[in-house]
Amino acid sequence: MVAILGYSRPQILAAVQQMYEAVAATPDAPFHFPVGAEACRRLGYPAAQIDALPEETLARFAGVGYPFRAGAVRPGDRVLDIGAGAGNDALIARRLAGSGGRVIALDLTAGMTRRLAGAAGRAGIDDLDILQASAEQLPLPDASVDSITSNGALNLVPDKRRAVAEMFRVLRPRGRLQLADVVIHRPVSVDCHEDPRLWVECVVGATVKEELLALFEEAGFEEVQVLGEHDYFALSESPQTREVAESFGAHAIEVGMRRGETTPSRARRWRHRLDPRRAWRRVQRRGLAGLAALGLALLSCYGTLALAALLPLLGIGLALDEGLWAGAIALFVLLTLAALAAGIRRHRGLFPMLLGVAGGGLVLHALFVDYRALVELAGFLLLGAAVAWDLRRRRRREAQVLGLEARHHG
């Protein structure tokens with residue numbers, strides 16, 4: 001679901017802290033993501049909310065969207081802001097919760113929490129609790145908050161399933177959650193050794209949109225709705241970052257949902273997790289559809305042959321419709337070729353497809369024109385070589401794109 005890319009959890013957390021310590025200390029420095037008041041405006045924050053924020057916190061704004069579109073924070077709420085950063089969303093939530101509410105601003109970065117504490121003290125704000133902690137282990141009791149807001153934090157968390165489970169735990173039943181986060185259309189799958197800062201400056205830690213929404217549903221959240229989507233990376237001043245984001249379909253979404261009344265059973269969670277439709281979509285996004293289709297073609301062909309040879313030894317007869325059998329093999333061969341054709345758009349290479357067409361042609365010729373076992377086997381070998389070549393080119397292209405970003409950051 002999420003590519004950790006060979007980095008340990010401490011390395012990832014250290015990279016996140018280092019980057020946002022830099023934002024806290026020098027917000028005017030050039031970053032590969034938008035920072036400050038202008039970013040806040042372009043992401044859709046109303047002018048009235050922006051004008052009410054202290055300049056020192058607004059200058060350190062580093063969100064990816066406008067989570068308040070979901071309207072999760074109500075008067076009198078006890079609100080948790082996960083990944084509060086400089087505290088802009090926490091301060092907005094404080095105004096929305098009113099005098100009867102209270103806001104907890106939680107962030108991983110010591111520099112951000114210190115800055116927020118100082119700004120709150122200077123502004124005379126005493127109904128804001130500030131915590132330095134991880135989203136993976138929220139230091140709050142069960143069912144202790146009415147609403148949660150988060151902006152650009154979850155994509156930086158290594159264990160997203162655990163973080164989502166923690167959100168569910170601390171929310172009261174029917175409590176509300178709103179978040180803005182970065183998602184991608186297809187997962188990052190190569191091992192990018194150059195620089196763990198890619199976690200915080202690019203799309204490496206982001207999740208495929210459908211998988212992120214499914215995580216919340218699996219955990220027991222209901223009425224999960226995407227309220228907005230936009231090209232967050234278009235705001236980046238870095239051409240390399242924009243190119244990487246475009247190659248993975250990275251963008252930002254704004255989501256709202258409610259916590260369910262009860263915690264889903266383990267069986268329900270696993271049933272949701274193992275849904276074959278989700279599994280097939282994951283195969284497609286990882287560029288493995290060709291490999292899966294080829295595997296099914298081989299299983300249809302040689303698996304059926306093996307079954308036909310073994311069952312009589314067990315005293316079981318097998319009536320095989322040869323036309324249906326050949327049709328099934330041909331279907332999976334054609335699906336393999338379709339997956340190879342889709343690979344051209346990813347790596348701009350025609351040769352894997354041409355090799356696949358040659359192999360597929362041999363298999364189809366053996367099935368419907370003149371059956372020869374060696375011709376059929378040769379066709380499958382060529383198809384296998386084409387699929388392997390396509391996968392290698394896909395991964396190489398991905399590595400080149402991420403390597404470009406890593407060299408730029410280095």
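Note that the structure is predicted; figures quoted are calculated from it, not measured.
- For the pair H185/H251, a side-chain contact is recorded, criterion being any heavy-atom separation below 4.5 Å from C-beta on.
- Within 6.0 Å of the CZ atom in R174, the count of heavy atoms belonging to other residues, nucleotides or ligands exceeds 12.
- Using a 4.5 Å heavy-atom threshold, the side chains of F221 and L215 count as separate.
- Between V35 and A59, the shortest heavy-atom contact is CG1-O, 3.4 Å.
- Counting heavy atoms of neighbouring residues, nucleotides and ligands inside a 6.0 Å radius, atom CD of E55 does not exceed 12 of them.
- In this structure, Y20 has its ring center closer than 6.0 angstrom to the ring center of F33.
- Put simply, the side chain of L383 does not reach to within 4.5 Å of the side chain of L381, judged on heavy atoms.
- Contacts of R78 classified as side chain to side chain contact (heavy atoms under 4.5 Å, CB included), with partners at least two apart in sequence or in another chain: I104, S144, V145, D146.
- Contact of the L91 side chain with the P54 side chain is registered, since non-hydrogen atoms from C-beta on lie closer than 4.5 Å.
- How far CE of M112 is from OG1 of T57: 10.5 Å, rounded to the nearest 0.5 Å.
- Side chain of T109 to backbone of G111: no donor-acceptor contact under 3.5 angstrom is found.
- Within 6.0 Å of the CZ atom in F351, the count of heavy atoms belonging to other residues, nucleotides or ligands does not exceed 12.
- Side-chain atoms of T149 and Q178 form a donor-acceptor pair, as typed in the model, at a separation below 3.5 Å.
- The one candidate from L154, N155, L212, T207 that meets the side chain to side chain contact (heavy atoms under 4.5 Å, CB included) condition with V183 is L212.
- Checked for salt-bridge contact, E136 and R162 miss the test: no charged N lies under 4.0 Å from a carboxylate O.
- When all heavy atoms of M353 and A341 are compared, the closest pair comes out as SD-N, 3.6 Å.
- No side-chain heavy atom of V357 sits under 4.5 Å from any side-chain heavy atom of L340.
- Judged purely by distance below 3.5 Å, without hydrogens or angles, the side chains of D107 and T113 never pair a donor atom with an acceptor atom.
- Side-chain contact check for V255 versus D181: every heavy-atom pair is 4.5 Å or farther apart.
- By the 4.5 Å heavy-atom criterion applied to side chains, R176 and D77 are counted as neighbours.
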Would you list the atom pairs, donor with acceptor, under 3.5 Å between side chains in residues 320-328 and any protein atom, with sequence neighbours excluded?
unit_1	atom_1	unit_2	atom_2	d
D321	OD1	G323	N	3.0
D321	OD1	L324	N	3.1
W325	NE1	S300	O	2.7

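- Counting non-hydrogen atoms of neighbouring residues, nucleotides and ligands closer than 6.0 angstrom, the CD atom of E56 exceeds 12 such neighbours.
- Legend: residues meeting side chain to side chain contact (heavy atoms under 4.5 Å, CB included) with C40, ordered by chain and number and at least two apart, are Y45, I50, L58, F61.
- The residues R161 and E211 are annotated as not salt-bridged, no charged nitrogen and carboxylate oxygen being separated by less than 4.0 angstrom.
- By the 4.5 Å heavy-atom criterion applied to side chains, V333 and F380 are counted as neighbours.
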